[in-house]
Number of protein chains: 2
Amino acid sequence: MANLETDLYSVKDKMYAAADCIIFGFEGGRIKLLLFRRRVEPLKGEWSLIGSFVRLDEDVSEAAKRVLKEITGLENVFMEQLKAYGKADRDPGFRCLSIAQYALIQIDEYDGELVEKHGAHWFDIDEIPDLVLDHNQMVQDALERLKQKARYQPIGLNLLPEKFTIPQLQQLYEVIYQKELDSRNFRKKLLSLKVLIKLDEKDKTNSRRGAFLYKFDYKTYHELEKFGYNFEIS
Amino acid sequence: MANLETDLYSVKDKMYAAADCIIFGFEGGRIKLLLFRRRVEPLKGEWSLIGSFVRLDEDVSEAAKRVLKEITGLENVFMEQLKAYGKADRDPGFRCLSIAQYALIQIDEYDGELVEKHGAHWFDIDEIPDLVLDHNQMVQDALERLKQKARYQPIGLNLLPEKFTIPQLQQLYEVIYQKELDSRNFRKKLLSLKVLIKLDEKDKTNSRRGAFLYKFDYKTYHELEKFGYNFEIS
DNA sequence: ATAATAAATGTAAAATGTACGTTAATTACA
DNA sequence: TGTAATTAACGTACATTTTACATTTATTAT
């Protein structure tokens, strides 16, 4: 009996593991997703998230960083694990887990040439084509996560340049939440959080008057965080 | 060049995948964690989360359910993926990913005999022993998730019996948040959410007067959810 | 000079959160 | 039998935050 059980528990099957990246950007007031053509069979050539098999000697998060750098040239961007996708039949070819990670990047900073070379393309999130396997589901889950998380943590800022205007930030929140916000209340709430640094520069791309540029004060933010400070934009 | 790249992308290493369960209960005003003695080498006999290798033909979530049922006899309990743990060196023996899932159970409903038989034991979360591999980290992460999630979703209720009193629920929130709550404000806030059904019964285990029992109104809750209703207990 | 445009500011009412004190129901036991 | 002890339940006043809404400001193209 004991032996039987031991044997049962010891069933060890090996499988593949993939790291797939949901790469979001923000441009022209829209959230964008970077997709590319799948490089391996089956389904080679179909639109797919950017991903790679995880190698035996690398961390899952490293695998994601590796592939992100390879395609976009970017390092040190915001990236966070979304979740693992582990349905037995998710890949028709062979058993393969995927650990999905989402990245938020400043869309103007990536290496366009590299992206071009890998056949990658930015899609508006309202116009995402059919993707391989369960990748559409991953994108939906990542958007949901972004929506939830942006409310209580300043992660959305990773989609904007270091210097940004309040109207820009509002526009970002409006597309994330998919609803309009009152500009007066938005500004008031935001400034009350005391984590923005007003600069002496203006951005005049959107108006004659120009809007003041701000930077996020991460230092103060992390200080306040320790005391249970609540960043919340609703 | 193209071939080289194709080869590079095609590096496919197989590895093991484990499903580990962080099983929380609530008893005597404390959050408890169910641990057992590891059944496989290496580290056989050490305290460990309950887990199993994922088999080739089963979903990751199924693996977690399988092992949970095996040890506690429980089915249909609240269980949710926490995250995947994918450090290359997390298991000294061989490359093994773990997909951690946390479960919230009513501690009185599990099969004590089964648990006994598997050498499992409930630990107060303040008295968790050293666990194998990165399991202590998993527990910390799961507690953090519980703390975050309980604030905006009524998942804590899964730790209580179907019928519970308001003081019981408050006690639960107090241990989750690790801070005292004002009983008058807690009650007011909770009842204002309009998702509790007051019963005609009282629970007299904690006082002479007895406290009225309530049930959570999942039906109404799910209705309200559709309209962007916000369950929030802070 | 003026028109056009988005940025920035203000304010009053409503809703929610916070900090308290008091009363109510029940049982053990004097 | 009534009184003390104990937790449950309720209420209120004040502070804070959210919401709804209108006007002024800075700038440039004409």
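Numbers restart at 1 for each chain; the letters A, B, ... are given by sequence-line order, proteins then strands.
What separates CG of A/L169 from C1' of C/dA8 is a distance of 16 Å, to the nearest Å. The CD-P distance, from B/Q170 to D/dC10, rounds to 14 Å in whole Å. Here D/dT27 presents its C1' atom at 14 Å from CG of A/D203, a figure rounded to the nearest Å. Rounding to whole angstrom units, CG of residue B/L213 and C1' of D/dA8 are separated by 13 Å. Atoms CG (A/L181) and C1' (D/dT18) sit 13 Å apart, rounded to a whole Å. Atom P of nucleotide C/dA7 and atom CG of A/N185 are separated by 16 Å, given to the nearest angstrom. Protein atom CG of A/L190 is 14 Å distant from nucleotide atom P of C/dA7, rounded to whole Å. Between B/R187 atom CZ and C/dA19 atom P there is a gap of 19 Å when expressed in whole angstrom units.
In this structure, B/R37 satisfies the cation-pi test against B/W47, with its NZ or CZ atom closer than 6.0 Å to the six-membered ring centre and inside 45 degrees of the ring normal. Both tests do not hold together for B/K87 against B/Y85: distance to the six-membered ring centre under 6.0 Å, angle to the ring axis within 45°.
Contacts of B/N206 with the nucleic acid, taken as non-hydrogen atoms under 4.0 Å apart, involve only primed sugar atoms and P, OP1 or OP2. Contacts of B/K202 with the nucleic acid, taken as non-hydrogen atoms under 4.0 Å apart, involve only primed sugar atoms and P, OP1 or OP2. Base contact: B/K188 has a heavy atom under 4.0 Å from a base atom.
Residue-to-nucleotide proximity on DNA chain D shows that, of B/R208 and B/F212, the 5′-proximal contact is made by B/R208. A residue-by-residue look at A/I166 and B/E232 shows that A/I166 has its nearest nucleotide of DNA chain C further toward the 5' end. Position along DNA chain C of the nearest nucleotide to A/D182 versus A/Q168 favours A/Q168 as the more 5'-ward residue.
Contact annotation: side chain of B/K204 to base of D/dT7, donor-acceptor pair absent below 3.5 Å. Donor-acceptor pairing under 3.5 Å, judged by distance alone, is present between the side chain of B/R209 and the base of C/dA24. For D/dA22, its base sits under 3.5 Å from the side chain of A/R184 at one donor and acceptor pair at least.
Closest approach of B/L224 and B/Y229 over heavy atoms only: O-CB, 3.0 Å.
Ring centers of B/Y110 and B/W122: under 6.0 Å apart, within the cut-off.
Within the structure, a side-chain polar atom (N or O) of A/K189 is placed less than 4.0 Å from OP1 or OP2 of D/dT18.
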Is there a side-chain hydrogen bond (donor to acceptor under 3.5 Å, both in side chains) between B/R151 and B/S234? Walk through the geometry before answering. CA-CA 6 Å; B/R151 195 175 201 112; B/S234 54; 4.5 Å; no

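Comparing D/dA8, C/dT11, C/dT9 against the side chain of B/S207 picks out D/dA8 as the nearest.
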